[in-house]
Enquirer: 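Quick one: the structure is below, questions incoming.
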Amino acid sequence: MIRLFHVYKSFGSKNPALIDISLTVPKGEFVFVTGPSGAGKTTLLKIIFCAEKPTSGHALVDGRNLMRIKDGELSSLRRRIGVVFQDFKLLPLRTVFENVALSLEVMGVPSSIIRKKVHQTLRYLGLADKEGYYPPQLSGGEQQRIAIARAIVNNPLILLADEPTGNLDYDLTMETMALLKEIHARGTTVIVATHSQELLKGTKRRIIALHKGRMV
Amino acid sequence: MKITFFRYFVRQAMRNMAENRLVHLIGLGTMVIAFLMFDAFILIFVNLNSWTQEQGRSLTMSIYLKGEPERAVIESIKKELLQYPVSITDFISKEDALKSLRKQLGEKAGLLDGLGENPLPASLEIVLSRDVSGDSLPYELKTTLERINGVDEVQYSQEWVEKFQAIMGAVRIIGLVFGGLLFLAALFIITNTVKLTIYSRKDEIEILKLVGATNRFVKIPFLVEGSIQGFLGGSVALIVLFLVYVAIMTKVDLSIGFASLDIIFLSPQFILLLLLMSSIIGFIGSTVSLGRFFRI
Ligand SMILES: Nc1ncnc2c1ncn2[C@@H]1O[C@H](COP(=O)(O)OP(=O)(O)O)[C@@H](O)[C@H]1O
Ligand SMILES: [Mg+2]
């Protein structure tokens with residue numbers, strides 16, 4: 001599903017954010033990417049959903065070479081990757097419903113189906129009564145679940161979550177992790193980036209550890 | 001294009017305009033002024049143009065005759081004229097000419113009493129019945145008629161029509177330059193209005209791209225927005241122009257001594273053309289600003 005070969009990424013003259021990363025994530029796996037702040041976790045996820053291009057090396061996602069991808073392919077690839085951003089990236093002037101519907105609107109899904117799918121997803125995440133609210137009216141945990149709803153509403157093949165428990169308390173963290181596992185159980189490949197060692201305690205999942213841009 | 005996409009694009013464009021009301025209103029205001037000047041110029045130009053053509057079409061000639069004209073002279077002139085697209089409108093005898101001069105002089109008509117002999121020539125007035133603007137026909141006719149015995153001189157109004165047409169040529173060039181500038185102004189206004197809405201939607205564009213929108217999907221609402229704005233600007237300008245036109249035609253007396261000036265409003269075809277043009281300017285304007293944005 002995801003293959004990286006000797007990927008380097010540098011921003012200007014600073015130390016590279018990623019150094020010689022090679023890895024394979026097969027379809028249906030659940031993987032953690034971990035490491036201290038600044039290790040390159042976010043950059044790695046960005047490479048996978050093509051928000052950044054590797055400076056050198058090769059990246060294949062769902063059979064596509066990310067080094068030379070065109071606008072049309074890029075958008076169709078991104079429709080198969082759901083992303084939960086560290087800062088959520090919700091639109092404050094759009095309702096919860098509209099925020100979640102975006103993922104389907106860009107695909108040209110008819111509005112009756114959009115309505116059905118968004119309702120269904122919001123109900124699944126326990127946000128059914130919040131669909132008319134605007135994100136700033138909601139708590140951090142709720143906003144985060146909206147971000148997850150938007151990422152999964154179109155049944156992506158891959159779900160990327162960047163620090164999904166970053167500013168949640170213990171209970172919400174556990175709830176969110178349970179949710180991600182459930183999504184994984186439905187067949188989605190899930191990659192979670194986190195700096196929290198606590199989250200990894202006792203997990204039997206695969207862990208990709210980064211330190212200063214290198215895999216360790 | 002799928003109907004759902006279409007609905008999304010229009011809705012999005014409307015939303016852009018609603019959420020950036022002030023920017024759009026200011027943009028619209030300035031654009032209306034630009035279009036209004038343009039439309040007013042077109043209106044004046046079209047009227048002047050048709051007026052000159054009218055003059056060219058109904059060219060009148062005066063054939064001045066020597067002395068007291070004999071029937072034979074008039075007959076030979078008539079015979080000559082048969083070959084030309086003209087009609088005789090009037091015969092003015094020496095007497096008639098004097099009478100009308102007296103009338104024109106009014107109180108000062110006494111001046112004429114001192115003249116022993118009537119110095120005014122008799123004349124034939126003719127009208128050319130086809131458009132002779134830019135044609136050598138009047139000149140030919142003049143030389144032919146002047147060769148006839150008994151004809152003194154032939155005068156016609158072609159000279160000033162030609163001069164007027166030269167002026168119209170200059171007006172056309174000025175109009176082209178002026179219109180071009182107004183066109184650029186309107187383009188500039190739309191480019192900036194749409195640019196402001198694009199910037200106000202920067203986050204949204206980024207997110208749309210991240211959830212899998214194509215560039216086209218992101219761009220089209222802005223193109224719709226620009227076109228609607230151009231169309232609105234064009235419509236409002238035409239409405240204002242029409243109201244001003246009606247006010248002028250009803251309130252102001254345009255008869256300037258000799259003839260009443262009839263101003264005709266732009267034809268429906270012209271109106272459609274202007275509306276189309278303003279929408280196209282809107283479209284081009286937003287294309288320009290999108291080009292700039294997507295290059296950054
Ligand atoms: N857009 C960027 N421009 C410049 N430097 C960046 C950019 N994104 C990330 N970096 C740098 O790359 C390194 C890795 O960042 P990041 O991937 O965000 O780490 P993490 O998510 O593990 O905290 C950091 O040193 C960061 O400053
Ligand atoms: Mg990060």
Side-chain angles (χ1 to χ4, degrees), chain A residues 45-46 48-52 62 69-95 98-115 135 146-160 162, chain B residues 1-25 193-225 228 286-296:
Chain A
L45 295 190
K46 280 185 173 171
I48 294 169
F49 69 89
C50 231
E52 297 285 357
D62 194 24
I69 194 163
K70 289 185 230 92
D71 178 58
E73 293 176 330
L74 176 66
S75 48
S76 74
L77 179 68
R78 282 184 176 165
R79 290 170 193 181
R80 275 173 270 169
I81 304 176
V83 186
V84 182
F85 300 95
Q86 200 165 351
D87 55 356
F88 309 148
K89 292 199 194 295
L90 299 173
L91 290 166
L93 299 177
R94 299 297 173 85
T95 62
E98 289 170 325
N99 268 284
V100 176
L102 274 189
S103 304
L104 298 169
E105 259 170 356
V106 300
M107 299 167 71
V109 174
S111 52
S112 57
I113 296 179
I114 291 183
R115 223 170 299 130
I146 297 162
I148 294 176
R150 187 183 61 194
I152 63 171
V153 72
N154 58 349
N155 303 319
L157 292 171
I158 303 169
L159 178 66
L160 307 178
D162 196 359
Chain B
M1 185 170 38
K2 283 195 210 168
I3 188 83
T4 29
F5 275 138
F6 182 75
R7 250 194 262 137
Y8 170 85
F9 293 143
V10 173
R11 179 156 47 91
Q12 193 69 8
M14 293 301 186
R15 188 180 235 153
N16 281 352
M17 295 172 79
E19 283 175 17
N20 296 280
R21 252 164 297 172
L22 195 63
V23 170
H24 270 275
L25 232 59
T193 314
V194 174
K195 193 158 71 186
L196 285 171
T197 43
I198 292 174
Y199 275 99
S200 76
R201 294 237 173 274
K202 239 166 61 172
D203 295 342
E204 186 178 327
I205 291 173
E206 185 204 341
I207 292 168
L208 281 173
K209 289 290 293 169
L210 290 175
V211 298
T214 56
N215 277 338
R216 200 147 43 114
F217 182 86
V218 174
K219 284 176 180 177
I220 289 177
F222 295 107
L223 295 176
V224 173
E225 178 187 341
I228 291 177
S286 35
T287 311
V288 171
S289 46
L290 281 170
R292 282 199 202 137
F293 184 82
F294 275 84
R295 220 181 304 135
I296 295 163

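All chains are named by letter (A, B, ...) in the order of the sequence lines, taking the proteins before the strands, and each is independently numbered beginning at 1.
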Enquirer: Drop me the distance from A/Ser103's OG to B/Leu208's CG, to the nearest 0.5 angstrom.
Expert: 9.5 Å

Enquirer: Rounded to the nearest 0.5 Å, how far apart are CZ of B/Arg15 and CD of A/Glu98?
Expert: 4.0 Å

Enquirer: Nearest 0.5 Å please: distance from the CG atom of A/Leu91 over to the CZ atom of B/Arg201.
Expert: 8.5 Å

Enquirer: Any chance you could measure A/Leu93, atom CG, to B/Glu204, atom CD, to the nearest 0.5 Å?
Expert: 9.0 Å

Enquirer: Got more than 12 heavy atoms from elsewhere within 6.0 Å of CZ, B/Arg216?
Expert: no

Enquirer: Rounded at 0.5 Å granularity, tell me how far CG in A/Leu90 sits from CG in B/Asp203.
Expert: 11.5 Å

Enquirer: So do the side chains of A/Leu102 and B/Ile207 get within less than 4.5 Å of each other, counting heavy atoms only?
Expert: yes

Enquirer: Chain B heavy atoms under 4.5 Å from A/Arg94: which part of the residue, side chain, backbone, both or neither?
Expert: side chain

Enquirer: So which atom in B/Gly212 and which in A/Arg78 form the shortest heavy-atom distance, rounded to 0.1 Å?
Expert: CA-CB, 3.7 Å

Enquirer: Select, from A/Ile114, A/Val106, A/Asn154, the one with the greatest count of heavy-atom pairs under 4.5 Å involving chain B.
Expert: A/Val106

Enquirer: Give me the atom names and distance for the closest heavy-atom approach of B/Val211 to A/Arg79.
Expert: O-CG, 4.1 Å

Enquirer: If I compare all heavy atoms of B/Phe5 with all of A/Met107, which pair ends up nearest, and what's the gap?
Expert: CZ-C, 3.8 Å

Enquirer: So which atom in B/Leu210 and which in A/Phe85 form the shortest heavy-atom distance, rounded to 0.1 Å?
Expert: CD1-CZ, 3.4 Å

